[in-house]
Number of protein chains: 2
Amino acid sequence: MKRIEPLSESYYYILLCLAKGANHGYGIMQMTEKLSGGDVKIGSGTMYGATGNMMKKGWIREIMSDEPGLERRRLYQLTDSGRKALRAEINRLQRMLENAEGV
Amino acid sequence: MKRIEPLSESYYYILLCLAKGANHGYGIMQMTEKLSGGDVKIGSGTMYGATGNMMKKGWIREIMSDEPGLERRRLYQLTDSGRKALRAEINRLQRMLENAEGV
DNA sequence: TAATATATGTTGACAGCCGACATATGTCGT
DNA sequence: ACGACATATGTCGGCTGTCAACATATATTA
């Protein structure tokens, strides 16, 4: 069942935020809300569940912060695999919209 | 929490198929597979769960078939409310793609 | 000093989705 | 007449994602 799994809205925005640069959980939550114009809010339960899941999948990896004083942050970086997953999702969304032409 | 609920891929295609004309469960399954180029297959569990759910929401209604010999079919028709839900979802997908510009 | 923002995490409950299974009729080739 | 397949609808159980609520700790600002 190698079917391309649709991503949830939350997962999509997490990947999207990380595609614009490494970030940490709380930062992603804020960025998502801003990026979506307030429409999408990711709760911490969703956030930290998702990061664990994506680490397992190899879509993101944790990196050390080079900024002093921000050691509390856990910085995540998109992997090549994660970027592929995001592109696949973008393509899926585009196909979905194409199929809606004339509706 | 009046947050706009994202639709699943299956729900989206069911509404999309019905937007092109009244249809029955099995017909929607086939139409979805064809429409998506074989990418999206809706299982019967999803299908009949979804129709019940959408009936409750008022997105679809059941109508009587005027074709003789096809009494087994349960024909569904999109309501105005269902068409609105579909348009809202299309807009959501478009916004998601706009947010991905430059990725 | 108190409130708020930053930052990460756990837990429990709920709902949705899907695959697998079940059932029945219709059709088509041999 | 028979078997295979397509048509057509439906149930059930498990898995996953989501969110609210709770918990903890530090930093900033009034």
Side-chain angles (χ1 to χ4, degrees), chain A residues 1-15 17-18 22-34 36 38-57 59-60 62-65 67-76 85 89 92 96, chain B residues 1-15 17-18 22-34 36 39-57 59-60 62-65 67-76 85 89 92:
Chain A
M1 22 310 327
K2 277 287 111 227
R3 158 163 208 289
I4 303 163
E5 64 222 275
L7 260 54
S8 73
E9 189 172 55
S10 300
Y11 277 51
Y12 176 76
Y13 275 100
I14 292 171
L15 290 180
C17 289
L18 290 178
N23 209 337
H24 56 107
Y26 189 71
I28 295 171
M29 291 186 217
Q30 293 172 120
M31 192 173 172
T32 294
E33 193 166 351
K34 196 182 164 195
S36 68
D39 290 341
V40 184
K41 284 164 193 162
I42 301 179
S44 65
T46 305
M47 185 72 238
Y48 296 104
T51 48
N53 194 310
M54 289 184 185
M55 291 275 280
K56 260 190 226 151
K57 285 187 166 143
W59 289 357
I60 60 174
E62 200 179 341
I63 56 171
M64 289 300 110
S65 172
E67 295 179 79
L70 298 173
E71 291 80 9
R72 273 191 303 156
R73 293 182 175 176
R74 299 173 73 84
L75 267 185
Y76 296 106
E89 179 65 7
R92 189 184 69 90
M96 280 174 78
Chain B
M1 23 136 79
K2 277 286 112 238
R3 162 164 203 286
I4 303 164
E5 62 223 278
L7 260 53
S8 72
E9 189 173 55
S10 300
Y11 275 53
Y12 176 76
Y13 274 100
I14 291 170
L15 291 181
C17 289
L18 289 179
N23 210 337
H24 56 105
Y26 189 72
I28 295 171
M29 292 186 215
Q30 291 172 120
M31 192 173 171
T32 295
E33 192 166 350
K34 195 181 166 194
S36 69
D39 290 342
V40 184
K41 284 163 194 165
I42 301 179
S44 63
T46 306
M47 187 71 239
Y48 296 105
T51 47
N53 195 309
M54 289 183 183
M55 290 274 283
K56 259 189 229 152
K57 285 184 166 146
W59 288 357
I60 59 173
E62 199 179 341
I63 54 170
M64 289 302 110
S65 173
E67 295 179 78
L70 298 172
E71 290 80 10
R72 273 193 303 158
R73 293 182 175 175
R74 298 173 74 84
L75 267 185
Y76 296 107
E89 178 66 8
R92 190 185 69 91

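- Interatomic distance, CD1 of I60(A) versus OG1 of T51(A), reported as 5.5 Å (0.5 Å rounding).
- Distances were taken from every side-chain heavy atom of Y76(A) (C-beta onward) to each of dC19(D), dG9(C), dA7(C); the shortest belongs to dG9(C).
- Rounded to an integer number of Å, the gap from CG of L7(B) to C1' of dC18(C) is 16 Å.
- The two residues Y26(A) and Y48(A) make their nearest non-hydrogen contact at N-OH, 3.9 Å.
- Among all heavy-atom pairs drawn from A22(B) and L75(B), the shortest one is C-CD2, 4.2 Å.
- In terms of heavy-atom proximity, Y76(B) sits nearest to M55(B) at CE2-SD, 4.0 Å.
- Nearest heavy atoms, G27(A) versus N23(A): CA-OD1, 3.6 Å.
- For the pair S8(B) and dC17(C), the criterion of a side-chain N or O lying under 4.0 Å from OP1 or OP2 is met.
- Here dG26(C) presents its C1' atom at 12 Å from CZ of R73(B), a figure rounded to the nearest Å.
- Set against dC19(D), dG9(C), dG10(D), the side chain of R74(A) has dG9(C) as its closest nucleotide.
- Residue E9(A) contributes atom CD, which lies 15 Å from atom C1' of dG16(C) at whole-angstrom precision.
- Between the T46(A) side chain and the I42(A) main chain, no donor and acceptor come within less than 3.5 Å of each other.
- Looking at heavy atoms from C-beta onward, M47(B) lies in side-chain contact with I14(B) at the 4.5 angstrom threshold.
- In this structure Y13(A) satisfies the side chain to side chain donor-acceptor pair (under 3.5 Å) test together with N99(B), sequence neighbours excluded.
- Listed by chain and residue number, nothing satisfies the side chain to side chain contact (heavy atoms under 4.5 Å, CB included) test with K34(B) (two or more places apart in sequence, or in another chain).
- Residues from residues 26-33 of chain B that place a heavy atom under 4.0 Å from any atom of DNA chain D, listed by number: Y26(B), M29(B), Q30(B).
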Report all interatomic pairs (protein N or O, nucleotide N or O of nucleotides 23-25 of chain C) with separations under 3.5 Å.
none

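- For E33(A), the side chain to side chain contact (heavy atoms under 4.5 Å, CB included) partners two or more places apart in sequence, or in a different chain, are K41(A).
- The NE2 atom of H24(B) sits 12 Å away from the C1' atom of dA6(D) (whole-angstrom rounding).
- Using a 4.0 Å cut-off on heavy atoms, the residues of residues 42-53 of chain A that approach DNA chain D are S44(A), G45(A), T46(A), N53(A), listed by number.
- With hydrogens and angles disregarded, no donor-acceptor distance shorter than 3.5 Å links the side chain of Y12(A) to the backbone of E89(A).
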